[in-house]
Structures are given as structure tokens and as C-alpha cells.
Protein chains: 2
Amino acid sequence: MPKLAPVTDLIETLKLLADPTRLAIFNLLMQGVQCNCELGDQLGLPMNLISHHLKALRDAGWVNAERDANDARWVYYAINPRALNQLREQLSAFLDPQRIKPRQPKCGPRVDAAASTRVAQRERVGK
Amino acid sequence: MPKLAPVTDLIETLKLLADPTRLAIFNLLMQGVQCNCELGDQLGLPMNLISHHLKALRDAGWVNAERDANDARWVYYAINPRALNQLREQLSAFLDPQRIKPRQPKCGPRVDAAASTRVAQRERVGK
DNA sequence: AATATAATTCAATAGAGATTGAATTATCTC
DNA sequence: GAGATAATTCAATCTCTATTGAATTATATT
């Protein structure tokens, strides 16, 4: 079991987003409120499949569901704006270029006096 | 085949990032240059697996590889800063809250005169 | 109450890709 | 050149989960 602790939160986020169908649904919701059947029509997919992915998005708290006030058979889905912001911040923090620091790899020949000596020796020998 | 065209680029990006092992590798590289064996040690994973994921990251242009100048057996891996910025921008654009527009779902009972009428009628009938 | 509609749930299948182990390549040291 | 070391490549397996089809739930209409 590898040491993945530092990224366990993020991986859940990314796995959720990384499915083509689910991402396409999410993308349509980013254009505004939609109902299940409308999503299915636009993507050419059956309702139960849409439902399945919407459940995953709801369980994660990314999407809110609301029944039609006049006819409760219809359910409208919308992006949860708070969750969207958290998502943005989570990714932005992870990908922050400032995180990259100058660094000496711990393995490999040391780039120090010893190494310089070795190089010098090799060059002499090579001649 | 669903209409996923709008997200085909992004899905490649996300699939690449959404694997726990690969993300852990990426995360270590975000801390600075590392060689294969060092990554394997820290994650407790075999070199060939590390290699496999590094290849995927290199193929995508996210990671650069450079051989040690003194001993070419060692290869050092580092995040490609340009690619990192593109990645950030791609995700940031997709998740931009500004994209969400007010919208009437096209299905469901119309929230218009007809609907109001229906509601009014139902209420009368219900009584 | 009976029928129709929107959506969800459930069980089974199928497919993608991560992991594993072995073989191979490239480079260095002696 | 022979042996050692870092890394990669290859083929086979295993696992996870998206998809599919059928059954079920919830609500509305007549």
C-alpha cells in the first residue's frame, strides 16, 4: 500500500471529474440549471445512466437537486456554487507553481567536490 | 457514442491526473526534481511502475526528463512549468463560476401563463 | 382507482487501464 | 570484455467502475 496520504482528498475529486460522461454532465450544468431528461437528450444517453452520474455528483455535494414546484416529477439540477469554489481552490493550491522548490535529488552521484573530482579523473583517463 | 466533444481535451488531462499513484508522483515532483529510484523509495513502489507512470506524464508533456551529466544511468524528472500553467488555465477556465448563467430548463411544466393557469386550476379542483 | 410520466435503484456485464513479474536496454565500473 | 546498476519495455493478470436492461418509486392526470 503506497504512501498516498497527501493526495487522498484530491484523488476523490479528480476521479469524480475524470469520467467523460460525468464531465459532460457537469459541463452542461456549468451552463445553467438542467433536468435529467434534458441532459439525456443533449448527450444521447439513457436517463438511468444520467441519474447514476448525477447521484455521484450529488453525493459529493457538487450538485444540488430541486423538484419542480408545480410538478414534482421533474427534478432540476444545478452546480453548488460553494462546492465549485472549494474545487477551484483545491486544484489551484495543488497546482501552484510556487510549490516547486530548487532541490538536490538524494540519489545519483553527488554534484559536489567528490563528483567534480570523479569527472576530472574520468576526463584524464579518457584521454 | 455520446456528444462529448466539448470536453475531450479536458478529459485527457483529468484521466492523467486522476490515478492515485500518478498523482502521488506528480505531487512529489511539485516539491522539486526527483529521480526514479527516489520516487519509488518514497512511495514504496517498484521502479517499473514508477517508470510506467512517468512515461504517461512525459508523453503528455507535463514532465521533463534529464540524464545526469556525470552518470547517465540516473534520470531526473521535473515538472514542465509551461505545461503546469496550461493545466492551471485549462482547469480554471472550465471551473469558472462566471460560466453559470440563469436558465430555464426546456422540459418540465412551463413557468409561464399556461403553468400559472394549470396551478390555479389544480388548486380550484383540489378544493 | 387506474394509467402515464420522470426519475431512481438494482443486478449483471463489459471494458479500460493499473499492477505485476520477467526480459531488455543503456550506461558505468573494474 | 564481464559484471553491476538505473531505468525501461513487454506480456499477462487483476480490479474497478461505467454501462446496460429490468424493476421500482414517486408524482401527476383522468
Which residues share a side chain to side chain contact (heavy atoms under 4.5 Å, CB included) with B:N64, sequence neighbours left out = B:N80
remark   = By nearest-nucleotide position on DNA chain D, the 5'-leaning member of A:A72 and A:P46 is A:P46
query = For the pair made of CG in A:D71 and P in C:dA4, what is the distance, rounded to whole Å?
reply = 17 Å
ask   = Under 4.0 Å between a side-chain N or O of A:H53 and OP1 or OP2 of D:dT17?
value = no
request  = Mark yes or no: B:R99 above the aromatic ring of B:F94, with NZ or CZ under 6.0 Å from the six-membered ring centre and no more than 45 degrees from the axis.
outcome  = yes
request  = Round to the nearest Å and state the distance from A:R22 atom CZ to C:dA16 atom P.
outcome  = 17 Å
note = Whole-Å distance, A:D19 CG to D:dC16 P, equals 17 Å
All N/O contacts under 3.5 Å from nucleotides 7-13 of chain C to the protein, with atom names and distances to one decimal?
| unit_1 | atom_1 | unit_2 | atom_2 | d |
| --- | --- | --- | --- | --- |
| C:dA7 | OP1 | A:V75 | N | 3.3 |
| C:dA7 | OP2 | A:C37 | N | 3.0 |
| C:dT8 | OP1 | A:Y77 | OH | 2.2 |
| C:dT8 | OP2 | A:N36 | ND2 | 3.0 |
| C:dT8 | OP2 | A:S51 | OG | 2.3 |
| C:dT8 | OP2 | A:Y77 | OH | 3.2 |
| C:dT8 | O5' | A:S51 | OG | 3.0 |

inquiry  = Could you tell me how far apart A:N70 (CG) and D:dA28 (P) are, to the nearest whole angstrom?
reply    = 10 Å
Qualifying residues under side chain to side chain contact (heavy atoms under 4.5 Å, CB included), relative to A:R73, sequence neighbours excluded = A:D71
Interatomic distance where NZ belongs to B:K15 and P belongs to C:dA16 [whole Å] = 9 Å
request  = Please write out which residues are connected to A:V33 in a hydrophobic cluster, directly or through intermediates, given that two of Ile, Leu, Val, Met, Phe, Trp, Tyr count as joined at side-chain heavy-atom separations below 4.5 angstrom.
outcome  = A:W74, A:Y76
remark   = disulfide (SG to SG under 2.5 Å) pairs touching residues 11-88 of chain A, sequence neighbours excluded, are A:C35-B:C107
Residue pairs fulfilling disulfide (SG to SG under 2.5 Å) with at least one residue in residues 48-84 of chain B, sequence neighbours excluded = none
